[in-house]
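First comes the structure, then the notes that go with it.
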Amino acid sequence: MAEKIKLSFKDNSECEFPKGVKAEEVVKQRFGKKAGMALAVVINKRVVDLSAPINESGEFDILTFEDEAGMDLFRHSSSHLMALAVKRLYPNAKFAIGPSIEDGFYYDFDNLSISDKDLKKIEAEIKKIIHEKLPFIRREISKQEALKLFKNEPYKLELINDLPASERITTYKLGAFEDLCRGPHVPHSGVIGAVKLLKVAGAYWRGDSTKKMLTRIYGTSFPDKKMLSEYLTRLEEAKKRDHRKLGQEMDLFSFHDEARGFPFWHPKGMILWDEIINYWKEVHRKYGYGEVRTPIILNKDLWLRSGHWEHYKENMYFTTIDDVEHAVKPMNCPGGILIYKSRLHSYKEFPLKLAELGLVHRHELSGVLHGLARVRSFTQDDAHVYCLPDQLEQEIINIIDLVYELYGAFGLKDYRIELSTKPDKHIGSEEDWRRAEEALEKALKKKNAKYDINPGEGAFYGPKIDFHIRDSIGRSWQCGTIQVDFAMPERFDLTYEGRDGRKHRPVMIHRAILGSIERFVGILLEHYAGKLPLWLNPVQVKLLPIADRHAEYARRVAEKMKSRGIRVEVDERSESTSKKVRDAQLEKVNYILVVGDKEEEAGTVNVRTRDNEVKGPRKVEEFIDELLKEIKEKRIK
RNA sequence: GCCUCUGUAGCUCAGCUGGUAGAGCAGCGCUCUCGUAAAUAAACGGGCAAAGCGCAGGUCGCCGGUUCGAAUCCGGCCAGAGGCUCCA
């Protein structure tokens with residue numbers, strides 16, 4: 001009779017089924033109530049469709065949208081729904097690819113000319129498809145059949161041709177749209193509860209800027225409307241903490257048509273800037289760094305020698321001085337190296353750490369500029385560490401410690417670490433690369449750091465560790481970087497005198513911790529949603545006299561605070577106290593001090609915070625001491 | 001650089017398919033000198049509230065075209081937003 005297979009479930013129970021039983025059947029029998037949420041099943045750790053027959057014994061589980069993998073599948077199926085909608089509305093569109101991404105999905109189309117306004121129409125069509133409850137039908141075909149099936153879809157043909165001839169190819173059919181797809185998918189279109197198309201964008205075919213630009217539609221989907229609207233509300237909230245908006249509201253910096261991509265810093269912005277820098281310098285002295293400063297303009301010969309003339313010219317700005325061509329520095333290393341070469345070095349000085357807050361200029365493509373996060377002139381918190389080969393690992397560890405300390409002081413915990421290894425195009429010996437990659441990885445392991453490896457993504461001159469921090473809407477920006485550099489010591493013939501009295505080549509580490517001060521300020525503003533901790537806030541305290549007759553007392557208190565280094569303002573406007581409190585809170589001032597008759601008489605201030613925590617009356621002197629203590633502790637609030 | 005969208009007073013925005021610029025907030029002036037919060041998805045209704053009156057501001061991003069006439073339509077440029085590529 002029929003062969004049996006044995007399936008085990010999460011609760012450790014086991015059950016026998018006839019071979020070839022539909023996964024759907026098993027789910028119905030074993031998961032009861034929860035079965036309605038099943039999107040796909042997991043058999044022996046492989047995800048397959050609900051409709052698939054089960055032919056092997058093993059572990060069995062279901063995938064719901066509560067799992068990350070389930071949500072992924074859900075979004076991927078959503079992109080097929082969108083593709084079907086586009087096929088119905090725009091029969092001439094050509095189809096490229098449509099994967100799930102974090103928080104949503106997209107599909108790339110060619111021969112589709114649409115704008116934001118058309119999204120509504122497509123969305124309506126998707127809703128129809130959801131109501132139609134169309135099944136996803138899986139087929140397995142040969143490469144020959146696939147080439148025939150997709151003969152009118154050039155992008156699909158390109159994908160199929162890249163597959164080995166022997167490979168069985170799967171397709172999924174949803175209504176009139178059959179797509180080349182590995183799957184699996186949800187059982188039918190009705191499972192997709194709520195879809196929202198978010199934006200139209202251009203995207204190069206296969207991410208290659210030499211290839212054709214396709215039309216990409218981004219969307220997101222959720223099991224129900226409530227989850228979708230919650231997500232959209234979160235997005236709106238996140239936009240409010242955009243550093244470009246906060247920068248304007250808080251009067252920190254601005255941008256002007258007269259200098260695209262070059263930020264202008266306002267007085268309050270400079271206070272924030274200086275606080276960051278001062279702390280940075282303090283920590284760097286502690287870690288044994290010396291600080292240097294090199295010129296912004298250096299002549300052509302230097303850039304020829306460094307290789308920038310050859311590899312980086314399109315990103316550089318140029319000028320001529322006394323008929324000699326010069327370039328504005330896009331990086332600090334060549335200048336720093338000249339300092340190294342200004343005298344002989346001994347192995348005894350190593351590790352030699354030279355830091356520079358270097359103002360660099362890079363001609364970035366106009367389309368990539370983004371507030372403070374991507375500008376054309378920025379200040380790198382750069383440093384170059386020259387060391388012996390066997391000091392490399394320890395020096396990398398020291399830099400990682402420095403990263404942890406600095407990020408920690410700014411309350412940043414959520415960052416991603418990436419290790420990028422040897423690219424195809426590279427200089428330096430295999431042995432050097434192996435040693436450097438090993439040192440970087442060992443250092444990360446010793447620090448118990450979580451990291452991802454980016455194979456082949458290193459710089460041509462050496463492997464690197466990068467630290468990426470997310471902004472308010474989830475975009476990831478590279479901040480810290482630790483790069484082992486083989487190119488510069490060679491090109492500039494850097495040497496040191498070893499124990500043996502002979503000249504050797506030092507190892508050079510190029511590193512930045514904050515990355516650029518500009519980008520970092522942007523990250524910080526978004527991280528704190530503008531509510532900067534006391535030590536960083538340009539305005540720490542606001543004094544609110546209740547009536548005009550209290551202004552004099554308020555000014556006296558303010559002077560006392562100023563003389564102790566506290567940044568304080570008095571709001572003497574003839575407005576109601578409630579309005580002044582509200583304004584001060586919107587300005588994100590840490591402490592709001594109300595003073596009236598009672599306070600003046602008692603020599604106190606009535607303290608409340610921007611988060612509306614009322615602390616009540618405090619003696620002026622005592623409160624100043626409290627403030628100074630909080631500033632000194634750099635307490636994260 | 002490429003794709004899509006946007007560009008109206010310092011800020012936030014209104015201005016329907018072309019007929020000749022507005023609101024709120026902020027600013028300034030005068031009068032008043034009350035007062036130790038209010039609000040928090042939206043819409044509507046109600047209550048409370050130290051505010052009131054007045055002034056100033058923009059050839060509607062720039063240039064050109066269509067038209068009797070353009071903020072409104074078309075084209076080019078500039079800038080911004082979201083993506084792609086790139087990157088600190």
Side-chain angles (χ1 to χ4, degrees), chain A residues 106 108 112-119 198-218 229-230 232-233 236-237 239 242 244-245 248-249 251 254-261 314-315 330-332 358 360 362-375 377-382 459 466-469 473 475 477-481 511-520 522-523 544-550 573-586 592-599 605-608 612 614 616-617:
Chain A
Y106 67 78
D108 286 345
L112 175 68
S113 169
I114 58 164
S115 75
D116 296 356
K117 294 173 192 90
D118 302 308
L119 293 182
L198 298 169
K199 54 208 171 195
V200 181
Y204 297 108
W205 168 236
R206 298 198 141 178
D208 183 340
S209 60
T210 63
K211 296 218 163 92
K212 190 166 181 191
M213 179 153 279
L214 307 173
T215 303
R216 173 174 296 180
I217 304 177
Y218 283 94
S229 72
E230 277 168 9
L232 294 175
T233 307
E236 284 305 311
E237 285 302 310
K239 278 183 190 158
D242 188 311
R244 292 164 299 185
K245 202 168 152 62
Q248 187 190 63
E249 286 168 7
D251 195 16
S254 57
F255 288 91
H256 301 274
D257 290 1
E258 289 79 356
R260 196 178 177 194
E314 54 295 350
N315 282 318
M331 296 180 195
N332 303 301
V360 297
R362 297 183 186 174
H363 180 243
E364 301 290 352
L365 292 176
S366 61
V368 307
L369 300 176
H370 180 96
L372 290 179
R374 195 78 185 272
V375 289
S377 82
F378 57 96
T379 305
Q380 279 186 310
D381 67 320
D382 215 340
D466 291 327
F467 297 82
H468 298 257
I469 307 179
I473 64 166
R475 282 179 293 225
W477 298 96
Q478 185 187 314
C479 291
T481 182
R511 52 114 279 198
I513 309 293
L514 308 180
S516 93
I517 310 301
E518 286 80 356
R519 177 176 287 180
F520 197 74
I523 294 276
L544 312 185
I546 285 178
D548 294 351
R549 65 177 180 280
H550 306 121
R573 289 175 308 162
S574 186
E575 296 286 353
S576 71
T577 306
S578 58
K579 184 168 169 58
K580 289 200 262 191
V581 170
R582 186 172 145 74
D583 285 349
Q585 285 177 344
L586 290 176
I592 298 151
L593 314 183
V594 180
V595 293
D597 289 332
K598 280 180 278 178
E599 288 78 14
V605 288
N606 204 327
V607 182
R608 73 171 70 212
N612 216 22
V614 181

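To find a chain, count down the sequence lines: A is the first, B the second, and so on, and within it residues start at 1.
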Checklist entry - Taking all non-hydrogen atoms of both residues, which atom of A:R362 and which atom of A:Q380 are closest, and how far apart? => result NH2-NE2, 3.5 Å

Checklist entry - A:L372 or A:K579: which one's nearest nucleotide on RNA chain B is closer to the 5' end? => result A:K579

Next on the checklist: Does A:L232 form a side-chain contact (heavy atoms from CB on, under 4.5 Å) with A:L198? I'd like the steps, not just the answer.
Outcome noted: CA-CA 10 Å; A:L232 294 175; A:L198 298 169; 4.2 Å; yes

Next on the checklist: Between B:A71 and B:U67, how many Å separate the two C1' atoms, rounded to a whole number?
Outcome noted: 16 Å

Item to check | Rounded distance in Å between the C1' positions of B:C28 and B:A42 | outcome: 36 Å

Next on the checklist: For A:D208 and A:R206: C-alpha separation, side-chain torsions, deciding distance, then whether salt bridge (charged side-chain N to carboxylate O under 4.0 Å, His left out) applies.
Outcome noted: CA-CA 5 Å; A:D208 183 340; A:R206 298 198 141 178; over 6 Å; no

Item to check | Criterion side-chain contact (heavy atoms from CB on, under 4.5 Å) on A:E599 and A:V605, from CA distance to verdict | outcome: CA-CA 6 Å; A:E599 288 78 14; A:V605 288; 5.5 Å; no

Item to check | Whole-angstrom distance between B:U6 and B:U17, as gauged at atom P | outcome: 13 Å

Checklist entry - How close or far is atom C1' of B:G82 from atom CG of A:L119, stated in whole angstroms? => result 12 Å

Checklist entry - Which nucleotide sits closest to the side chain of A:E364: B:U36, B:C87, B:U85? => result B:C87

Checklist entry - Distance under 6.0 Å and angle within 45° of the ring axis: does A:K199 meet both against A:Y218? => result yes

Checklist entry - What stems, by residue range, does RNA chain B take part in, given at least 3 consecutive Watson-Crick or G-U pairs under 3.5 Å? => result B:1-7 with B:78-84, B:10-13 with B:22-25, B:27-31 with B:51-55, B:61-65 with B:73-77

Checklist entry - Is the shortest heavy-atom distance from the side chain of A:R549 to the side chain of A:D597 under 4.5 Å? => result yes

Next on the checklist: Does B:A81 have OP1 or OP2 under 4.0 Å away from a side-chain N or O of A:R244?
Outcome noted: yes

Next on the checklist: Could you check whether the side chain of A:R374 and the base of B:C86 have a donor-acceptor pair of N or O atoms closer than 3.5 Å, going by distance alone?
Outcome noted: yes

Checklist entry - Say you pick atom C1' in B:A26 and the same atom in B:C55; how far apart are they, in whole Å? => result 15 Å

Checklist entry - Less than 4.5 Å apart, any side-chain heavy atom of A:L372 and any of A:I517? => result no

Checklist outcome for this item: Winner on side-chain proximity to A:Q585, out of B:C84, B:A38, B:A81, is B:A38

Checklist entry - Is the shortest heavy-atom distance from the side chain of A:F255 to the side chain of A:V375 under 4.5 Å? => result yes

Item to check | B:G19: syn or anti, per glycosidic angle within 90° of 0 | outcome: anti

Item to check | Length of the line joining A:N315:CG and B:G1:P, which is rounded to integer Å | outcome: 13 Å

Checklist entry - From B:A79, B:C3, B:U36, pick the nucleotide closest to the side chain of A:M213? => result B:C3

Checklist entry - When you measure from the side chain of A:V594, which nucleotide among B:A37, B:U36, B:C84 comes out closest? => result B:U36

Item to check | Non-hydrogen side-chain atoms of A:R475 and A:H370 separated by less than 4.5 Å | outcome: yes

Next on the checklist: Applying a 4.0 Å non-hydrogen cut-off, can you work out what A:D597 is touching in the nucleic acid: base, sugar-phosphate, or nothing?
Outcome noted: base

Checklist entry - Checking all strands, does A:E599 fall into the base, sugar-phosphate, or nothing category for heavy-atom contacts under 4.0 angstrom? => result base

Checklist entry - With a 4.0 Å cut-off on heavy atoms, is A:A547 in touch with a base, just the backbone sugar-phosphate, or nothing at all? => result base

Checklist entry - Starting at the 5' end of RNA chain B and moving along, which residue's nearest nucleotide shows up first, A:D208 or A:K245? => result A:K245

Checklist entry - When you compare B:G54 with B:A23, how far apart are their P atoms, in angstrom units rounded to a whole number? => result 12 Å

Checklist entry - Do you know which two heavy atoms are closest between A:S254 and A:H256, and how far apart they sit? => result OG-NE2, 2.8 Å

Checklist entry - What interatomic distance, in whole Å, is found between C1' of B:C68 and the corresponding atom of B:G18? => result 12 Å

Next on the checklist: Does B:A37 have its OP1 or OP2 closer than 4.0 Å to a side-chain nitrogen or oxygen of A:R608?
Outcome noted: yes

Checklist entry - Looking at B:G82, B:U4, B:U36, which one has an atom nearest to any side-chain atom of A:V200? => result B:U4

Item to check | Rounded C1' spacing from B:C63 to B:G27 in Å | outcome: 33 Å

Checklist entry - Phosphate oxygens OP1/OP2 of B:C5: is one of them under 4.0 Å from a side-chain N or O of A:S115? => result yes

Next on the checklist: Is the phosphate of B:A50 approached by A:S576 (side-chain N or O, under 4.0 Å from OP1 or OP2)?
Outcome noted: no

Checklist entry - How would you label the contact of A:S516 with the nucleic acid (heavy atoms, under 4.0 Å): base, sugar-phosphate, or nothing? => result base

Checklist entry - If only side-chain N and O atoms of A:R260 are considered, is one of them under 4.0 Å from the OP1 or OP2 phosphate oxygen of B:A79? => result yes

Checklist entry - What closest approach, in Å, do A:R519 and A:C479 show between heavy atoms, and which atom pair accounts for it? => result CD-SG, 4.2 Å

Next on the checklist: Please pick, from B:A88, B:G82, B:C2, the nucleotide with the shortest atom-to-atom distance to any side-chain atom of A:H370.
Outcome noted: B:G82

Checklist entry - How close or far is atom P of B:U36 from atom NZ of A:K598, stated in whole angstroms? => result 8 Å

Checklist entry - With a 4.0 Å cut-off on heavy atoms, is A:G596 in touch with a base, just the backbone sugar-phosphate, or nothing at all? => result base

Checklist outcome for this item: From the candidates B:A88, B:C2, B:C11, the one with an atom nearest any side-chain atom of A:Q248 is B:C11

Next on the checklist: Let's see if you can work this out: which of B:U33, B:C3, B:U36 has an atom nearest to the side-chain heavy atoms of A:D548?
Outcome noted: B:U33

Checklist entry - A:A201 near the nucleic acid: base, sugar-phosphate alone, or nothing, with a heavy-atom cut-off under 4.0 Å? => result base

Checklist entry - Do we count A:F378 as stacking onto B:A88 if the rule is ring centres under 5.5 Å and planes under 30°? => result yes

Checklist entry - So what does A:D382 hit on the nucleic acid, given a heavy-atom distance under 4.0 Å: a base, only sugar-phosphate, or nothing? => result nothing

Checklist outcome for this item: Here the distance between atom C1' of B:A38 and atom NZ of A:K580, to the nearest Å, is 16 Å

Checklist entry - What is the distance, rounded to the nearest whole Å, between atom CG of A:D108 and atom P of B:U85? => result 10 Å

Next on the checklist: Does a side-chain N or O of A:R475 approach OP1 or OP2 of B:G83 to a distance below 4.0 Å, or not?
Outcome noted: yes

Next on the checklist: Considering every strand and a 4.0 Å limit on heavy-atom distances, what is the contact class for A:F520: base, sugar-phosphate, or nothing?
Outcome noted: nothing

Checklist entry - Taking atom P in both B:G15 and B:U33, what distance in whole Å separates the two? => result 42 Å

Item to check | Of the listed nucleotides B:A79, B:U85, B:C3, the one nearest the side chain of A:Y204 | outcome: B:U85

Item to check | d(CZ, A:R573; P, B:C25) in whole Å | outcome: 14 Å

Checklist entry - Which part of the nucleic acid, if any, lies within reach of A:D116 when heavy atoms closer than 4.0 Å are counted: base, sugar-phosphate only, or nothing? => result sugar-phosphate

Next on the checklist: Categorize A:V360 for me: base, sugar-phosphate, or nothing, with a 4.0 angstrom heavy-atom threshold over every strand shown.
Outcome noted: nothing

Next on the checklist: Expressed as a whole number of angstroms, how long is the span from A:H550:NE2 to B:U33:C1'?
Outcome noted: 12 Å

Next on the checklist: Without decimals, in angstroms, what is the distance between A:L214 CG and B:U4 C1'?
Outcome noted: 14 Å

Checklist entry - Looking at the side chain of A:V368, which of B:C11, B:U85, B:A37 is the nearest nucleotide? => result B:U85

Checklist entry - Does OP1 or OP2 of B:A88 have a side-chain N or O of A:Q380 closer than 4.0 Å? => result no

